[in-house]
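Okay, structure first, notes after.
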Amino acid sequence: MIYLLDKTVECKEYRTWKKRKFEHEESQLLLSYAINNELGMQYDESMVQLEKCGKPNIRRSIPIEYNYSHCNGLLTCILSDKPVGIDVEKIRSFSLKTLEKVCDENEVDDIMKHNFPEKRFFEYWTLKESYVKAIGSSIFRDISNIHFNFMNNKIISNKADYYFHQFIWKNEYVIALCIQKN
Amino acid sequence: MLDEIKRIICEYVEVEEYEIMEQTNFVEDLGINSYEFMSMVGALEEEFGIVIPDIDVPCISTVNDLIEYLTRKAS
């Protein structure tokens with residue numbers, strides 16, 4: 001299940017570092033709520049262990065995986081019985097240089113032809129980030145190996161072992177999630 | 001070089017230039033996220049006329065790491 005908490009108003013005035021600290025603390029509360037809701041367990045940090053790749057996860061004795069993401073005070077968290085990743089970003093302008101670094105030729109072409117290029121760009125970015133978070137990797141290690149396209153509004157990827165889903169929050173934020181198939 | 005780096009950092013993170021020091025850690029001290037870092041790397045490439053391969057980026061944790069990396073690239 002996905003959980004979402006909108007704290008965008010509270011952290012509007014915060015600078016980046018304070019915003020991230022606030023978001024991290026609030027995300028822990030959201031995770032705690034989600035675990036209590038789904039497992040009936042009280043969350044504490046000792047439940048979390050780092051996997052070999054460095055991805056934080058719930059101890060193996062508890063059959064659940066989680067991931068969370070935050071941006072500008074919008075907090076998201078997902079719990080699943082499969083490896084999972086989630087990413088949220090605010091739709092905003094981007095530089096052509098960043099576009100070149102993030103997207104392949106076909107994706108760039110799609111973005112430039114889109115009637116809302118900023119939204120389309122962050123759709124690609126969040127999908128890629130959700131995938132690397134699901135596998136416990138780094139965007140810098142894997143970005144050149146992840147490719148997407150949108151066919152009749154369906155998300156098509158070269159990662160056949162994963163489901164992807166995406167939605168827009170208040171026309172301002174893109175949220176993408178990635179879940180490993182069976 | 002440090003002044004140029006500080007100027008670029010301030011384009012991506014809400015921080016004052018005087019708060020940035022060589023030992024400043026991008027994630028722990030500035031709270032930069034992966035998208036901001038990716039964008040900043042792009043801006044550094046343009047500013048210094050170099051290519052920073054994605055594989056090199058995880059080795060850059062602090063401003064000093066970045067200075068040393070750019071210095072090596074320049075030589």
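What you see is a predicted model; the values in this text were computed from it and never measured. Letters A, B, ... are given to chains in the order of the sequence lines, protein chains preceding strands, and every chain is numbered from 1.
- A/K21 does not touch chain B: none of its heavy atoms, backbone or side chain, sits under 4.5 Å away.
- Contacts between B/E36 and chain A at a heavy-atom distance below 4.5 Å involve the side chain alone, from C-beta outward.
- Under a cut-off of 6.0 angstrom, the local environment of OH in A/Y163 is sparse, with at most 12 non-hydrogen atoms contributed by other residues, nucleotides or ligands.
- Atoms OG and CH2, on B/S34 and A/W125 in that order, are 4.5 Å from each other to the nearest 0.5 Å.
- In the hydrophobic clustering of ILVMFWY residues, with side-chain heavy atoms under 4.5 Å counting as a link, A/Y14 and A/L30 come out apart.
- Within a 6.0 Å sphere centred on CD1 of B/I55, other residues, nucleotides and ligands contribute 12 heavy atoms or fewer.
- The number of heavy atoms from other shown groups lying within 6.0 Å of CG (A/N158) is above 12.
- The cluster map of Ile, Leu, Val, Met, Phe, Trp and Tyr, joined by side-chain heavy atoms under 4.5 Å apart, puts A/M112 and A/I91 in the same cluster.
- Connection of A/L127 to A/V132 is established within a shared hydrophobic cluster, with ILVMFWY side chains joined at heavy-atom distances below 4.5 Å, either directly or through further cluster members.
- Of the atoms belonging to A/E89, it is side-chain heavy atoms, and not backbone ones, that fall under 4.5 Å from chain B.
- Heavy atoms of B/D29 lying under 4.5 Å from chain A belong exclusively to its backbone.
- Side-chain heavy atoms closer than 4.5 Å link hydrophobic residues (I, L, V, M, F, W, Y) into clusters, and following such links, possibly through other members, connects A/I35 to A/I64.
- Taking OH of B/Y35 as the reference point, atom CZ of A/F94 lies at 7.5 Å (rounded to 0.5 Å).
- Counting all heavy atoms, side chain and backbone alike, A/R15 lies closest to B/V15 at NH1-CA, 3.7 Å.
- Interface residue B/V13: backbone and side-chain heavy atoms are both found under 4.5 Å from chain A.
- Contact annotation for A/R20: only side-chain heavy atoms (C-beta onward) come within less than 4.5 Å of a heavy atom of chain B.
- Within 6.0 Å of NZ in A/K12 there are 12 or fewer heavy atoms belonging to other residues, nucleotides or ligands.
- Contact annotation for A/E129: only side-chain heavy atoms (C-beta onward) come within less than 4.5 Å of a heavy atom of chain B.
- A donor-acceptor pair is defined here as one N or O able to donate and one able to accept, closer than 3.5 Å; no such pair exists between the side chain of A/W17 and the backbone of B/E14.
- A pairwise comparison of heavy atoms in A/I143 and B/M38 identifies CD1-CE, 3.8 Å as the closest pair.
- Neither the backbone nor the side chain of B/E11 comes within contact range of chain A; no heavy atom of the residue lies under 4.5 Å from a heavy atom of that chain.
- The structure places CG of B/N33 at 10.0 Å from NZ of A/K19, a figure rounded to the nearest 0.5 Å.
- Within the 4.5 angstrom heavy-atom criterion, atoms from both the backbone and the side chain of A/T16 approach chain B.
- Within a 6.0 Å sphere centred on OH of A/Y33, heavy atoms belonging to other residues, nucleotides or ligands number 12 at most.
- Linking ILVMFWY residues whenever their side-chain heavy atoms come closer than 4.5 Å, directly or via other members, places A/I155 and A/Y124 in the same cluster.
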